[in-house]
Amino acid sequence: MTNNFKDTAADADYEMDEPRTNGPSRGMRLLIDLLGRWYWIALALLCGGAGSVYYLSKAPKIYSASSSILVKEQTGAVMGKDQTDEINMSSVVAMNTVIEQLKRQALLEAVAERDEVRGLQSILPPEVRWLPPLLSGWLGDKVDEGDPVATASIQTDVLAGMIGSWTSVSMRRGTRLLDISVSHTSPEVAKVLADAVSLEHLAQTTGAKSSGRRSTIELLTEKSEQSRQSLQESQKAFSAYQRALSGHEELQIKEREVVELTRRYRAKHPDLINALAQVVNLQNRFLGDFAAAMTSGADAAYWADMDVPLASSAQDLPERLEMARRMLLSRTSVLKNEIQSQESVFNAMLTKMQQVDVNQAEEESAIEINSLARLAVSPVSPVGSKVITKGLLGGLFVGTGLALLLVRLDNKFHTVMQVEELLGLPVFAAVGVIKQESKAKLAAQAPGRNVPEALEIEKNWDPKIVFRQALCDSSYAEMYRVLRASITLLGSEEKRKVTLFTSAIPGEGKTMTSINYALAAAGQGKRVLLIDLDLRRPAVHKAFGLPRDGGSKGVTAYLAGKYSFAESILQNISGTGLDLMVSGMKAPNPGELLSGAQLDSFLAEARSKYDVIVLDTAPLLAVPDTRVIAKYADNVCMVIRAEYVPKGAALRVLRLLEAGHTPLAGVVLNAFRERRSLIDFNYSYGYYKYGSSGNAYGDGREAYGSKDG
């Protein structure tokens, strides 16, 4: 049979975000859940501590050596005398600039080429094997025990990169002292490298006093020559347009004369005609001069990609003249601006070269060695206390995170508090896990109470039925007496006769709960009838070792109207005082059979003859039968198996019954495991298993005697 419910995360989250009953705060609930998973945190802490110890046993010891240099106020040799006025060596920016110069690749390569560095036997740190030797052998990761790599055989750029990774430069606060520190597994290598970086920087700085300035002058000379050539090219291009510019000015003068003559004379006046002819001649000459300038070598590259139809017959003279004027003025304006800009750059270059020449005579050394490195005696890392602290903190963080993740992913009920808080219903009883070995021990320790005939019958019973000769006074039976008392306290016995047990999904123990509750009620001398109304997958007859029809006709035959009420009942099962009505033959249409009027009259007749009527029904989310039966019951109880049923399924049952106006009276938490560390928040009935000293009775005996009454 399939489960017809959907335990969606949205349903569960919605209900859990808004608890249905008052209880501990959200933070307190989270703390309780975390404490319930303390073993994950403890395991992570243990792993963190063990990992730290293992790391300390494998990690190589690192030694550090430091040399220091003093940066003076004179900065010409370090940064260029031409920058002295721009950078104040008392500023952090300037000191950081020197630090970056100490880290540059060229300096490190020079250090790698020094004789004392190349003379080191082996500069490469030993390879660390993090896996245990046994595991390394299994994985085929064998340690290479060959000769170490000689320093002289390492390429310069590779060695420079390694030296850079081992070297750090820092500034002493409030001073102009720079510390050059080298960290290495060998204290001798660390000392040699720290001294080599300081000495090489001093040598390069001292040797660059003149060569550095010479390089600056050469650079300025090259830039100034480029600027001069660009200036000459711009001037040459501009000169190519001088004739066109002169012709344009002459044309403008003659055009203004024509305008004046036009105001004074008519169109056929000789002077006006003569002036107009001169204007036409000047226009043609201007167009010719401009075309010649465009095709001249001085500025031909500028016009090479342009399609300028100045001589095209498709255009009349005024159009060509207007285009030529606009292009001439635009190009000559650009050339004038370029000439001015290039003259400014060229003059600035000349001034800069003069300043460098003057400053060169005033240079002096900008740094000096303050102290050389000393041979390290003790390693600087790893520090045992720090590593272990970090490992424990990391383990605590990972363990707590894992516990939080498990809390978030956990969708099962574990405690009474969780059930009552989420569903807003009382837990009538928390039925613990019944240990078969404890039951066998109790049976062997109950002499004088064994009735051979009863024991022979009980051999066919399901082991989970606890109301038998040897177990009636055990804590297992007491759990169901608590359930009996809780249901009795719901109200008047006359109005609370019919108790229905159901569950959300199969496998939660509703049938065993129904049977044990019925036997507990029968133990008080009451007239009790247990009816198996799970017509699809009946299990009550199996629990008592009976055939499906139980030697009678059962529920199916009675509801079909074939047999009477008395003919369908098995009376006084095994002398327990319990009457039983099994499901009977297989029903072809159980849903229709249970929805008929016959069920109402059946329960009415049962009410008239019995004090307690117990109904074992089908899982509510699996089939709709229970929702039909629930309206005839006085007490509707849901059995929830701890650590089994999803919370969303239980919430779905609650909503379905509320929608059908047959709300749940309470819950039975089945297969419950006591968490003694959380007993104060657990609201558990498991204290029946503990004596006055707080120790549990391993055989399930109670801490005090209990009798039916």
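These figures come from a predicted structure and were not determined experimentally.
Side-chain atoms of S67 come within 3.5 Å of backbone N or O of A194 as a donor-acceptor pair. Counting only distance, with no hydrogens or angles, the side chain of S234 and the backbone of I339 share no donor-acceptor pair below 3.5 Å. Proximity of a side-chain donor or acceptor of T175 to a complementary backbone N or O of M171 within less than 3.5 Å is not detected. Checking side-chain atoms of T400 against main-chain N and O of F397 turns up no donor-acceptor pair under 3.5 Å. Between the side chain of D179 and the main chain of S170, no donor-acceptor pair closer than 3.5 Å is present. Remark: the backbone N or O of M327 is not paired with any side-chain donor or acceptor of S330 at under 3.5 angstrom. Between the side chain of S230 and the backbone N or O of Q226 there is at least one donor-acceptor pair closer than 3.5 Å.
A 4.5 Å side-chain heavy-atom check between P132 and Y54 finds at least one atom pair inside the cut-off. Using a 4.5 Å cut-off on side-chain heavy atoms (C-beta onward), M162 and L124 make contact. The shortest side-chain heavy-atom distance between T167 and V111 does not fall under the 4.5 Å cut-off. Side-chain contact between R37 and L402 is absent, with no heavy atoms from C-beta onward closer than 4.5 Å. Here the side chains of R118 and E113 are in contact, with some heavy-atom distance below 4.5 Å. For the pair I369 and D195, the minimum side-chain heavy-atom distance is 4.5 Å or more. Proximity of Q252 to H248: side-chain heavy atoms (C-beta onward) are separated by under 4.5 Å at one or more points. Considering only heavy atoms from C-beta on, L651 comes within 4.5 Å of L422 through its side chain.
Ring geometry for F290 versus Y241: interplanar angle of 30 to 60°, hence tilted.
Considering only residues two or more places apart in sequence or on other chains, E338 meets the salt bridge (charged side-chain N to carboxylate O under 4.0 Å, His left out) condition with none of them.
Within a 6.0 Å sphere centred on CG of N337, other residues, nucleotides and ligands contribute more than 12 heavy atoms. With a 6.0 Å radius and a threshold of 12 heavy atoms from other residues, nucleotides or ligands, K336 has its NZ atom at or below the threshold.
Of the inter-residue distances, the one linking L46 atom CG with L392 atom CG reads 9.5 Å to the nearest 0.5 angstrom. One finds the CG atom of L159 at 5.0 Å from the CD1 atom of I123 (value rounded to the nearest 0.5 Å). Atom CE in M294 sits 13.0 Å away from atom CG in D289 (nearest 0.5 Å). The line from NZ of K386 to CG of L393 is 13.5 Å long, rounded to the nearest 0.5 Å. Atom CG in L108 sits 10.0 Å away from atom CG in L193 (nearest 0.5 Å). For the atom pair CH2 (W38) and CG (L43), the distance works out to 10.0 Å, reported to the nearest 0.5 Å.
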Steps toward side chain to side chain contact (heavy atoms under 4.5 Å, CB included) verdict (I388, L56): CA-CA 9 Å; I388 292 177; L56 290 174; 4.1 Å; yes
Derivation and outcome, side chain to side chain contact (heavy atoms under 4.5 Å, CB included), residues E100 and N96: CA-CA 6 Å; E100 292 302 320; N96 287 334; 5.6 Å; no
Chi angles and distances behind the salt bridge (charged side-chain N to carboxylate O under 4.0 Å, His left out) call for R228, E225: CA-CA 5 Å; R228 184 184 65 79; E225 179 62 23; 2.2 Å; yes
Residues E188, V192; criterion side chain to side chain contact (heavy atoms under 4.5 Å, CB included); working and verdict: CA-CA 6 Å; E188 293 81 6; V192 170; 5.5 Å; no
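Among pairs with a residue in residues 169-197, those fulfilling ring pair (Phe, Tyr, Trp, His ring centres under 6.0 Å) read W166-H184, at least two apart in sequence or across chains.
Across every non-hydrogen atom of D410 and K412, the tightest pair is OD1-N, 3.1 Å. In terms of heavy atoms, S122 sits closest to V189 at O-CG2, 4.1 Å. Here the closest heavy-atom approach between residue S198 and residue I180 is recorded as OG-CD1, 3.3 Å. Heavy-atom minimum distance, F286 versus G247: CD1-C, 4.3 Å. The shortest non-hydrogen separation linking Y63 to P187 is CD1-CD, 3.8 Å. Annotation for R104 and Q101: closest pair NH1-O, 2.6 Å, computed over non-hydrogen atoms.
For the pair R325 and E322, the salt-bridge criterion is not met [side-chain N within less than 4.0 Å of a carboxylate O].
A donor-acceptor contact under 3.5 angstrom links the side chains of E200 and Q204, judged on distance only. Using modelled atom types and a 3.5 Å distance limit, the side chains of S68 and S371 yield a donor-acceptor pair.
In summary, of the residues considered (E368, H201, R176), a side chain to side chain contact (heavy atoms under 4.5 Å, CB included) with I69 occurs for H201 alone.
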